[in-house]
Each structure stands twice: as structure tokens, then as C-alpha cells.
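Numbering of ligands and ligand atoms starts at 1, following listing order. All figures in this text were calculated on a predicted structure; none of them were measured in a lab.
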Amino acid sequence: MFADRLLDNIILAKCQLAIADVGINNVVLGLLTVAVIAVAVDYAHMLHLRSKMPPGPFPLPIVGNTFSLPDNKPWIYFEELSKRYNTPLITYWIGRQVPRNPTLWINEAWCAHEIFEKKAQIYTSRPRMIVFGELGSGQSNLVTMQIRNQEERERWRIHRKLMHIGVGVQSVRGYRAIQNNESKIIALDFLREPKEYVKHLERYATSVVSIIAFGRRVASYNDPIITEVIALMQLAADLNVPGKSFPMLLETFPILAKFPRFMPWFKGLGSRNSKGGHYFFYTLAEEAIEQYNQKSPSEQASMPTPYVKTLFEEADKYKLPVAELSGLTGNLFGAGADTSSSTLVSFILACCAFPETVKKAQEELDRVIGPNRSPHWDDSPNLSYINAFVREVLRWRSVAIIGGQPHSPTQDDTYNGWLIPKGSWIQGNVWAIHHHEREFPDPDRFYPDRYLEGNDYKRPFPNDKGYMTFGWGRRVCSGQALAEQGTWISVARLLWGFNIRKARDPTTGKEIDVDIFAFTNGLNMRPQPFPCEIVPRSQEIKEAIEREGRQALQDLKIHDGESQYRMSTFYQQQKKKVAQEPIIDEKGNVRFVKVGQ
Ligand code: HEM
């Protein structure tokens with residue numbers, strides 16, 4: 001120890017002597033020269049790469065094009081660039097890491113299909129992401145998981161498999177009763193309190209994933225699990241839009257991510273990772289398993305086994321650490337609640353802005369269903385306009401407007417003769433894809449007919465669904481089947497039950513216009529708040545909604561229950577407890593502790 005210190009001091013003294021010999025000015029000049037050469041080499045490398053890549057604006061040294069990004073909705077700007085350069089794929093330099101990994105934006109469906117679907121094998125990874133990845137959930141969460149080697153591929157496969165067990169195509173049919181009943185409750189809530197339609201839709205979406213994950217229903221829109229999870233997801237979605245302010249500027253200057261978390265550029269990101277704060281959902285899961293185990297065998301038989309129970313049993317086989325289990329559980333909420341409810345809010349906006357489509361949908365529903373019962377999935381083969389309506393809801397203002405998270409090729413690739421370098425950040429601009437005049441003429445018009453055979457607006461599309469709302473390839477949304485199933489039943493039932501139209505000014509009696517472009521700026525976008533009028537279509541329908549709603553509440557009773565945990569207080573309590581009695585695991589990390597209310 002003493003010898004080491006002595007050696008350090010000798011080296012330091014030698015350096016000081018050397019600096020004194022050479023002169024401080026010369027040292028500064030030398031350092032500056034090295035810095036200039038480093039920047040020049042880096043820039044030359046960037047320009048060399050650029051010459052082989054898809055077109056895009058000319059980048060500056062170090063910062064690339066970062067400071068040309070607009071303050072809001074960069075997806076519209078990328079769409080414009082794609083038109084300006086007349087290419088489906090553009091390159092945009094947001095600094096990124098060394099070596100400078102560029103960002104590529106796909107602005108057209110066929111190009112997205114060619115790259116993400118046909119070459120899915122090499123586009124399965126995520127890139128290195130500082131904000132959402134390294135400072136967020138990192139490698140412990142499926143959403144941000146990178147696949148750089150066989151071990152990471154294996155781990156990602158296990159996570160996909162475990163998500164699939166929960167909400168894969170085969171499992172979701174088993175959740176129809178839950179979605180059906182919960183959407184009957186939306187109708188009941190719309191009768192009672194139509195002005196709070198956004199909150200009812202949020203309650204519905206959160207309750208469905210809560211029942212699936214924990215076997216526990218969310219009965220009130222004031223339940224903190226809704227307000228806290230949705231607020232957290234909206235914050236995450238806002239913070240993660242490519243931009244020229246912090247925290248996203250950390251993607252341009254990743255070195256700043258190495259500083260302590262109290263530095264101002266981390267504002268908004270929280271400090272949960274440092275002290276075992278990932279474990280809120282793990283704790284909820286443990287609680288849910290305990291509650292399920294206390295139910296009688298007949299009660300257990302009358303409900304689907306909560307996903308967390310199956311997950312914990314399966315996960316034992318793979319020895320998944322707590323952070324990963326927490327991530328898998330939390331994803332149902334994080335990825336499923338805000339997205340599903342925002343989609344339905346956009347549906348309400350479409351009804352207000354395009355009343356002719358509501359009329360047409362209701363003509364079909366009256367003909368096929370009538371007023372005495374609401375529609376069900378089994379009616380779908382006879383409801384071609386409703387089916388088209390739901391597809392148009394998913395296309396028109398897709399919630400995950402930049403396709404969720406970026407993909408990244410695990411080897412150099414080419415498209416149209418252009419290079420897509422290994423490790424680059426490649427993202428589907430769903431706004432531009434769903435807005436392309438060739439595939440979707442008059443794209444801002446909400447027009448379900450475009451999905452009907454024989455319609456003039458019906459155009460070829462690279463997949464059968466006619467939209468790319470849920471992403472691509474092996475990274476396609478794990479909850480797609482659940483989200484589509486839930487959107488269908490909710491849209492069909494609400495169109496059947498209600499006239500949803502523009503609100504009227506109480507003094508003038510005039511309709512209040514809605515703005516179909518007024519959306520939030522997050523990467524999960526939803527309409528800005530707008531007033532609307534939601535009224536039952538007839539007395540008979542109103543009675544059917546009440547009858548079905550009462551029965552649904554009865555059927556859902558088995559899922560009634562409460563959690564003692566709150567996200568907002570959980571982390572504070574953990575911090576306090578960890579500070580008082582830290583548990584250090586075998587790797588020297590501070591482990592989580594159990595906290596109660
Ligand atoms: C309307 C509702 C939804 C939309 C529009 C949506 C959209 C997306 C998109 C665009 C992605 C990224 C795909 C890609 O990288 O190519 C994604 C990923 C994901 N979604 Fe969804 N989602 C929705 C609902 C759900 C639900 C209900 C769940 C779970 C219950 C869920 C779970 C996930 C997960 C776990 C991923 C990450 C998959 C991975 O990285 O391998 N999503 N979603």
C-alpha cells in the first residue's frame with residue numbers, strides 16, 4: 001500500500017517536472033492539438049460513413065444534426081426529410097456514441113418490411129440507448145434488451161417466451177371474458193359520467209392488465225395504480241423523444257451519463273436504479289401470489305391463474321434475478337395500459353371529427369346486432385365495417401408513433417445499395433408510414449372504407465393487417481393480440497351503445513370543433529384533452545348497457561381486492577429502509593427490502 005502510494009507520488013512529481021521543462025503553454029497547446037486531431041479523425045470517419053449511407057442533412061462534427069431537431073414531434077420533421085431527399089430511408093446524426101453510430105429513419109411501409117421483417121434475424125437487437133436503456137431499465141428489461149452475443153440472445157428468448165406465456169396469441173383468447181366484462185363497465189361508466197371518458201378508458205386498460213398479471217381488478221379510476229403508472233409512462237414517453245434538450249441530449253454526449261445523478265442534466269430521470277428501486281412490481285407480484293393462494297379451490301378454478309404465479313414458477317427454471325422478474329411483470333402495465341387507453345381516446349376523437357363514419361358503423365350494428373344486446377367477437381364475421389373501423393383506429397393516429405423502441409443490426413447490412421452499419425439505431429417512423437399517400441390516400445381522413453375490398457382507397461400493403469402499429473419482426477409487440485382483441489370489443493361496444501360527437505357550447509349551442517392534429521409530444525401520443533358529448537343511442541340500448549353492466553360487475557367480483565403498496569411511496573420507503581438496514585448480496589449490490597404501508 002505504502003509502496004503504491006510512493007510510486008504514485010514519484011510519477012506525479014515526474015509529470016510536474018516534465019510539464020515545468022516543456023512549459024505550461026506548450027502542454028496546453030499539445031493537448032489542444034491532440035483534441036483537434038481526435039475530432040478531425042472522428043469527423044472524417046463520420047463523413048466517410050455518411051458517403052456510403054442513405055441521404056440526410058449534412059452533420060456537424062461531434063454533435064451531428066442534433067441541434068437541427070425540432071422542439072416537438074420530430075416524426076413530422078423526419079417525414080419531411082424523407083420527402084425532401086425522395087427516399088424511404090434517411091440518415092440523421094444524433095451524435096451517439098464513439099464510434100459515431102448514426103440514426104436511420106424508415107418512412108415507408110415497404111422499406112420497413114424489407115428491413116425489419118425480411119431480415120428480422122439481424123435486426124432483432126436494440127441499439128445502445130443511454131436514456132431509456134443504461135439510465136433506465138437496461139439489460140434487465142425485455143423492451144430495451146440488446147442482443148450482442150449468444151448469451152444475450154438466449155436471455156432475450158427466455159423473456160419473449162415468458163411474455164408469450166402471459167399474453168401470446170394462444171393465451172389471449174382466455175382473457176376474452178375479462179376484456180368483455182371490463183368493456184361493459186366502460187359503457188356503464190360512460191352512462192354515469194360521460195365527461196370523464198378518458199379516466200374510464202384508463203381504468204379499463206389498467207384493470208385488464210392488472211387482472212391478467214395479478215388477478216386483481218382496478219375498480220376505480222382514482223386507484224393510484226392507474227394515476228401513477230399512466231403518469232410514469234407518459235413522463236417516460238415524453239422524455240424519450242429524440243430532441244436537443246436534456247435528458248435526450250445525453251445520447252449525443254454519453255460521457256455526461258457517467259456523472260453523479262444529482263447533476264442537472266439527469267432531471268426527470270429519477271434515481272431509482274441506485275438503491276434497488278426496481279422492485280415495485282416484484283413486490284406487487286409477491287403480494288398477488290399470496291392473495292391468490294388464500295383463495296378457495298373453487299374460487300381459483302373460476303378465474304385465470306394470475307400471470308405472475310405462472311411467471312414465478314417458470315422463472316425458477318431459468319433462475320431469473322428479481323430485477324428481470326420485476327421488469328416482466330411491470331411491462332404489462334408499462335407497455336399495455338397507456339398504449340391501450342390512448343388508442344381508445346384517439347377513437348373518441350375520430351368519432352367527433354368524422355361523424356359520417358359513426359353513422360355508417362351504427363347502421364351495420366343495428367342491422368346485425370339490434371338494441372337488446374351488445375356486440376361480441378363472434379359477431380365479427382358479420383361486421384365488416386366495424387372490422388375496418390377498428391383497423392382504421394389503429395392506423396389513423398397510432399399511439400406508438402415512432403414504433404416504440406429502435407432496432408439495431410448486429411452486422412453491417414445494405415438497403416438499396418446504401419450501408420446500414422452494425423450497431424446503428426434504426427427506427428420505424430410510424431407517423432410517416434401510416435401517412436404515406438401511396439398506401440393511404442388522404443391519410444388524415446379517418447376513413448374505414450379504405451380497408452374494404454373494392455374501395456378506391458384500398459391499396460397494397462406489405463402485411464395482411466394493413467398497419468404497422470405494433471412494430472416489426474422478432475421485436476413485434478408482445479401484447480399485440482391482447483391489444484387488438486381489447487380495441488375491437490371496446491370500439492364495437494361503444495359505437496353500438498353511444499352517439500359520440502362534438503360537444504356543444506352551452507351558451508351558443510354551437511358545436512365545439514376538435515383538432516385532429518392536437519396530440520401530445522410523447523413517443524406514445526394521445527389527443528390533447530377535448531370536450532365531447534357521449535349519450536346512449538336509445539332507451540332500449542341504455543337498459544341493455546345497465547343490465548349487461550350489472551352482470552359484468554357480478555362476474556368480475558372474483559377479482560376484487562386491494563394492494564397495500566403505492567408506487568409513489570414505495571421508493572421512499574425503500575430508500576429509508578435500505579439506508580437503515582441494507583442487505584448486500586453476494587455481488588456487493590444493495591438488495592431490495594420488503595416495505596409495507
Ligand atoms: C394499442 C396498444 C399497443 C401498441 C400500439 C403497442 C405497440 C408496441 C410497439 C410499436 C412496440 C415495439 C415493437 C418493435 O420494437 O418493433 C411494442 C413493444 C412491446 N409491447 Fe406493445 N403495444 C401495445 C400494447 C401492449 C400490451 C397490452 C402489452 C402487454 C400486455 C405490450 C407489451 C409489449 C412489450 C413487452 C414490448 C417489447 C417487446 C420486445 O422488445 O421484444 N404492448 N409495443
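- Side chain of Q300 to backbone of Y292: a donor-acceptor contact under 3.5 angstrom is found.
- Numbered from 1 in the order shown, with element, the atoms of ligand 1 that lie under 4.0 Å from a heavy atom of V143 read 37 (C), 40 (O).
- Counting the atoms of ligand 1 from 1 in the order shown, those under 4.0 Å from a heavy atom of W472 are 16 (O).
- Between F214 and F333, the two ring planes are parallel [angle under 30°; tilted spans 30° to 60°].
- R397 forms a cation-pi arrangement with F517, by the criterion of a distance under 6.0 Å to the ring centre and an angle within 45° of the ring axis.
- Atoms of ligand 1 found under 4.0 Å from any heavy atom of T343 (numbered from 1 in listed order, with element): 1 (C).
- Within ligand 1, counting atoms from 1 as listed, the ones closer than 4.0 Å to a heavy atom of W156 are 41 (O).
- Nearest protein heavy-atom neighbour of atom 30 (C) of ligand 1: L332 CG, 3.8 Å.
- Under a 3.5 Å cut-off, the side chain of N463 and the backbone N or O of G466 do form a donor-acceptor pair.
- Under 4.0 Å is where a charged nitrogen must lie from a carboxylate oxygen, and between R450 and E392 at least one such pair does.
- Near V399, with a cut-off below 4.0 Å to any heavy atom, the atoms of ligand 1 are 5 (C).
- Near-neighbour remark for atom 21 (Fe) of ligand 1: protein N, O or S atoms under 2.8 Å are C477 SG; waters not counted.
- Looking only at atom types and distance, the side chain of S125 has no donor-acceptor partner in the side chain of Q146 under 3.5 Å away.
- Between H407 and ligand 1 there is a heavy-atom distance shorter than 4.0 Å.
- For ligand 1, the atoms sitting less than 4.0 Å from at least one non-hydrogen atom of L142 are 35 (C), 39 (C), 40 (O), 41 (O), numbered in the order shown with element in parentheses.
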- Item | Intermediate values then yes/no, ring pair (Phe, Tyr, Trp, His ring centres under 6.0 Å), F446 and F389 | CA-CA 9 Å; F446 183 87; F389 201 105; 5.0 Å; yes
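- A donor atom on one side chain and an acceptor atom on the other are found under 3.5 Å apart for N387 and W488.
- Looking at heavy atoms from C-beta onward, F116 lies out of side-chain contact with R475 at the 4.5 angstrom threshold.
- Among all protein heavy atoms, the one lying closest to atom 15 (O) of ligand 1 is R126 NH1, 2.8 Å.
- Relative to the ring axis of F440, R395 places its NZ or CZ within 45° and under 6.0 Å from the centre.
- Among the atoms of T469, none of the N or O lies under 3.5 angstrom from an N or O of ligand 1.
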Side chains of residues 518-528: which donor-acceptor partners sit under 3.5 Å, not counting sequence neighbours?
residue : atom : partner : partner atom : Å
T520    : OG1  : R526    : N            : 3.0
T520    : OG1  : R526    : O            : 3.3
N521    : OD1  : K73     : N            : 2.7
N521    : ND2  : N72     : OD1          : 3.2
R526    : NE   : S342    : OG           : 3.0
R526    : NH1  : E202    : OE2          : 2.9
R526    : NH2  : E202    : OE2          : 3.2
R526    : NH2  : D338    : OD1          : 3.1
R526    : NH2  : S341    : OG           : 3.4
R526    : NH2  : S342    : OG           : 3.3
Q528    : NE2  : F519    : O            : 3.4

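- Comparing M163, R475, H164 by heavy-atom distance to atom 14 (C) of ligand 1, the nearest is R475.
- Judged by distance alone, the side chains of N180 and R493 do bring a donor and an acceptor atom under 3.5 Å apart.
- Listed by atom number, the atoms of ligand 1 under 4.0 Å from Q405 heavy atoms are 15 (O).
- When the heavy-atom distances from atom 10 (C) of ligand 1 to A213, G403, S346, G428 are ranked, the shortest goes to G403.
- Proximity of R160 to ligand 1, defined as any heavy-atom pair under 4.0 Å, is confined to the side chain (atoms from C-beta onward).
- The residue H159 has no part lying near ligand 1, judged by heavy-atom distances below 4.0 Å.
- Just one residue in the list W105, Y77, W425 forms a side-chain contact (heavy atoms from CB on, under 4.5 Å) with P242, and that residue is W105.
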